[in-house]
Amino acid sequence: MAEMGMGKGVTAGKLASNVQKKLTRAQEKVMQKLGKADETRDVAFEEGVINFNKQYTEGSKLQKDLRAYLAAVQTMHESSKNLQECLSDMYEPEWYGKDDLDSIVEDTDVLWTDFHQKLVDNALISMDTYLGQFPDIKSRIAKRDRKLVDYDSARHNHSSTNKGKKGKDGGIKITKPASLLERATPVWAQGILSAHNIAQSNLSRNQAEDELERAQKVFEEINEDLQEELPSLWNSRVGFYISTFQSMSGFEEKFHKEMGKLDQNLYDILVKLEKQDMSGELPRGADPANHTLSPGGPPPIPKSPSKLRPAMPPRPESSPCRDMKPENIINLFDAAAAPNISVTSPTQAVSWDTWEADTLTTSAAPTAAAPTPAAAAPEETPVVAAAATNGDSEAVEMPPGFLFKVTTMHDYAANDSDELEMKAGDIVLVVAFDNPEEQDEGWLMGMKQEDWIQNKQSSLKGVFPENFTSRL
């Protein structure tokens with residue numbers, strides 16, 4: 001209990017002392033603002049404080065922006081990881097480069113993690129250490145300001161204490177006794193009372209001197225330390241900025257370089273997969289049976305040759321114009337066809353050799369496989385075939401250069417002005433290219449049969465992908 005009482009007494013005394021100091025400082029500042037008391041100024045130190053505040057503000061902003069940058073790196077890491085994991089999940093195991101792709105995804109995640117951790121260790125932690133010294137210096141600057149006010153107050157108190165204490169002859173000025181005690185004091189005791197007053201005056205003067213010396217000592221100690229630290233701290237900012245941004249730029253350069261290699265590897269894998277897809281090859285490890293259509297099922301929609309160029313169709317063992325009998329050619333169209341059809345017409349006798357551009361013109365020559373009077377007909381004589389319309393048989397004149405008929409299996413939307421728009425079920429009359437060199441692999445030239453019947457020579461002719469059709 002005694003200790004508690006003593007503790008309370010000490011606390012109360014310290015509190016009273018702090019309150020007295022605050023009152024004295026407030027009074028001193030008011031006197032200084034009113035111009036009734038001079039103020040100690042240090043211009044060089046004040047400039048150092050301005051630089052300190054500026055440096056602290058800039059450093060705090062840099063720290064905030066650096067934290068935001070690291071948060072963005074972390075967010076980008078998560079987004080990149082989710083995106084590549086999505087690609088890895090969609091990438092089928094039998095596709096080209098599946099194992100390599102999974103390795104790239106893993107290496108990318110490790111690279112992001114390493115990049116973020118290096119930024120934290122070499123930039124953020126250094127930034128926190130750099131700014132950690134500012135709060136302490138800031139509090140010491142505030143303390144220095146308070147001690148400067150205490151010093152000015154003690155200086156003014158000492159000056160007022162000594163002022164007017166000496167007479168004209170330099171002796172101590174004694175005021176006349178005014179109190180009842182002094183008046184009631186016997187003459188013989190007047191000297192003792194005067195000596196007591198002089199002692200009190202000397203005591204006050206000594207206390208003022210002690211207080212001034214103590215306040216000056218405390219102020220000068222903290223002031224000297226700050227006078228050395230503030231310029232040094234201000235100059236250190238240049239080296240800190242250099243080291244911080246050099247580290248960040250170095251880490252970024254290495255990160256993007258390594259990331260570029262991984263991106264290139266991923267790009268190469270996808271290019272090879274695209275080539276496999278364009279060539280129509282089966283994916284690695286795929287079962288051909290899985291690609292067989294079930295009986296009665298709809299045919300798959302093929303890709304346009306502009307995206308997937310099919311391989312050249314295999315050459316048949318024999319040319320249909322040489323091995324097929326004339327009566328069979330007639331039966332292809334209708335058993336009731338006109339008997340005067342020329343089966344050896346130059347355009348009808350075109351063989352599978354017409355797939356080769358350099359033999360198209362020679363393979364169209366008349367053959368002697370089935371000599372008939374019609375074989376001597378001129379080359380421009382159009383082909384005539386039989387077509388059933390509304391149940392009646394009538395002769396249909398085929399366009400020049402007619403080769404064969406195909407039926408459209410899928411809709412095809414023309415992508416260019418020279419392409420033929422087709423709908424599923426359309427019958428197309430295939431004709432030879434005017435210039436064989438213009439024929440691309442996997443493409444045919446023709447016109448819709450219905451359009452030809454109605455418009456003849458004015459019918460629309462264009463190219464179309466062969467793999468969208470089926471030969472009749």
Side-chain angles (χ1 to χ4, degrees), residues 59 61-131 239-291 300-311 415 441-442:
K61 184 179 183 302
L62 177 59
Q63 183 187 48
K64 179 181 178 181
D65 293 341
L66 180 59
R67 289 183 181 275
Y69 174 76
L70 290 175
V73 170
Q74 185 67 27
T75 302
M76 189 62 187
H77 177 196
E78 295 297 330
S79 300
S80 175
K81 180 179 180 181
N82 294 337
L83 184 62
Q84 291 202 336
E85 286 181 351
C86 180
L87 173 62
S88 178
D89 293 340
M90 295 186 300
Y91 209 93
E92 297 182 8
E94 64 271 14
W95 290 357
Y96 175 84
K98 170 62 176 174
D99 296 338
D100 294 336
L101 184 137
D102 292 341
S103 178
I104 291 175
V105 172
E106 182 179 355
D107 293 343
T108 302
D109 179 50
V110 172
L111 186 60
W112 273 108
T113 302
D114 181 67
F115 176 57
H116 181 268
Q117 189 60 44
K118 286 183 177 179
L119 289 177
V120 172
D121 294 341
N122 296 274
L124 182 61
I125 294 179
S126 298
M127 187 77 236
D128 294 342
T129 303
Y130 170 75
L131 285 182
F240 173 76
Y241 295 157
I242 292 175
S243 62
T244 299
F245 283 95
Q246 276 185 342
S247 299
M248 291 183 61
S249 59
F251 295 144
E252 287 184 354
E253 188 272 338
K254 182 178 179 181
F255 167 77
H256 290 298
K257 183 177 180 180
E258 297 297 328
M259 186 62 70
K261 294 180 181 179
L262 295 177
D263 289 339
Q264 183 63 47
N265 294 339
L266 176 60
Y267 180 84
D268 294 340
I269 292 175
L270 296 178
V271 167
K272 293 181 180 178
L273 178 63
E274 181 184 23
K275 290 181 179 179
Q276 280 193 334
D277 186 43
M278 292 286 289
S279 63
E281 298 178 6
L282 289 176
R284 181 189 60 178
D287 185 3
N290 294 335
H291 298 269
I301 299 178
K303 293 186 177 181
S304 170
S306 61
K307 299 179 180 178
L308 173 61
R309 295 192 177 274
N415 297 320
E441 184 178 3

Visitor: Looking only at non-hydrogen atoms, find the nearest pair between L266 and I104 and report the distance.
Guide: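 The answer is N-CD1, 3.6 Å.
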Visitor: Might you point out which heavy atoms bring L101 and I269 nearest each other, and give the distance in Å?
Guide: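 It is N-CD1, 3.9 Å.
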Visitor: Looking at D128 and R67, does any basic side-chain N land under 4.0 Å from a carboxylate oxygen?
Guide: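 Salt bridge flag = yes for R67 with D128.
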Visitor: Check whether more than 12 heavy atoms from other residues, nucleotides or ligands sit under 6.0 Å from atom CD of E274, and answer yes or no.
Guide: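 Check fails, neighbour count at 12 or below.
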Visitor: Does E92 have any side-chain contact (heavy atoms from CB on, under 4.5 Å) partners at least two apart in sequence or in another chain, and if so, which?
Guide: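 Testing E92 for side-chain contact (heavy atoms from CB on, under 4.5 Å), a comparison that skips the adjacent residues, returns E94, W95.
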Visitor: Could you tell me which residues satisfy side-chain contact (heavy atoms from CB on, under 4.5 Å) with L83, sequence neighbours excluded, listed by chain and number?
Guide: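 side-chain contact (heavy atoms from CB on, under 4.5 Å) check on L83 returns nothing, list empty.
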Visitor: Can a donor-acceptor pair be found, under 3.5 Å and without considering hydrogens, that links the side chain of N122 to the backbone of K118?
Guide: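 Side chain of N122 to backbone of K118: a pair is present.
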Visitor: Would you say L262 and L111 make side-chain contact, with heavy atoms under 4.5 Å?
Guide: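 They are in side-chain contact.
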Visitor: How close do M248 and A123 get, counting heavy atoms only, and between which atoms?
Guide: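 Closest heavy-atom pair between M248 and A123: CG-CB, 3.9 Å.
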Visitor: Do the non-hydrogen side-chain atoms of W112 and Q74 ever get within less than 4.5 Å of each other?
Guide: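 The answer is no; the side chains never approach within 4.5 Å.
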Visitor: Just how far is it from atom CG of L70 to atom CG of L124, taken to the nearest 0.5 Å?
Guide: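 Output value for this atom pair is 5.5 Å.
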Visitor: How would you list all residue pairs meeting side chain to side chain donor-acceptor pair (under 3.5 Å) that involve residues 245-256, not counting sequence neighbours?
Guide: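 Listed by first then second residue: Y69-E252.
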Visitor: About how many Å separate OG1 of T244 and CG of L66, when rounded to the nearest 0.5 Å?
Guide: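 Between L66 CG and T244 OG1, I get 8.0 Å after rounding to 0.5 Å.
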Visitor: Name all residues meeting the side-chain contact (heavy atoms from CB on, under 4.5 Å) criterion together with D109; count only those two or more places apart in sequence or in a different chain, and write none if there are none.
Guide: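 So D109 forms a side-chain contact (heavy atoms from CB on, under 4.5 Å) with H77, K81, T113.
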Visitor: For F115, check ring-ring contact (aromatic ring centres under 6.0 Å, His included) against everything at least two apart and list the hits.
Guide: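 F115 satisfies ring-ring contact (aromatic ring centres under 6.0 Å, His included) with F255 once adjacent residues are dropped.
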Visitor: Could you report the tightest heavy-atom contact between K98 and Y91, atom names first, then the distance?
Guide: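 The answer is NZ-O, 3.2 Å.
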Visitor: Y267 and side-chain contact (heavy atoms from CB on, under 4.5 Å): which single residue from L270, V271, D263 fits?
Guide: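 When side-chain contact (heavy atoms from CB on, under 4.5 Å) is applied between Y267 and each of L270, V271, D263, only V271 qualifies.
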Visitor: In terms of side-chain heavy atoms, does N82 have a donor or acceptor partner in E78 at a distance below 3.5 Å?
Guide: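 Checked: N82/E78 side chains show no N/O donor-acceptor pair below 3.5 Å.
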Visitor: How would you list, by chain and number, every residue that makes a side-chain contact (heavy atoms from CB on, under 4.5 Å) with D268, sequence neighbours excluded?
Guide: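 With neighbours one apart ignored, the set is Q264.
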Visitor: Between atom CZ of F240 and atom CZ of F245, what is the distance when rounded to the nearest 0.5 Å?
Guide: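 So the gap between those two atoms works out to 8.5 Å.
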Visitor: Grab the two heavy atoms, one from S80 and one from T108, that are nearest each other, plus how far apart they are.
Guide: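 So the two residues come closest at OG-CG2, 4.1 Å.
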Visitor: Find the distance between CG (D100) and CG (D107) and round it off to the nearest 0.5 Å.
Guide: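 Going from CG on D100 over to CG on D107, the span is 10.5 Å.
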Visitor: Could you tell me whether a side-chain N or O of S279 sits under 3.5 Å from a main-chain N or O of Q276, the two making a donor and an acceptor?
Guide: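 At least one qualifying donor-acceptor pair exists.
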Visitor: Determine the minimum heavy-atom distance between S88 and V105, stating which atoms define it.
Guide: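 Nearest heavy atoms, S88 then V105: CB-CG2, 4.4 Å.
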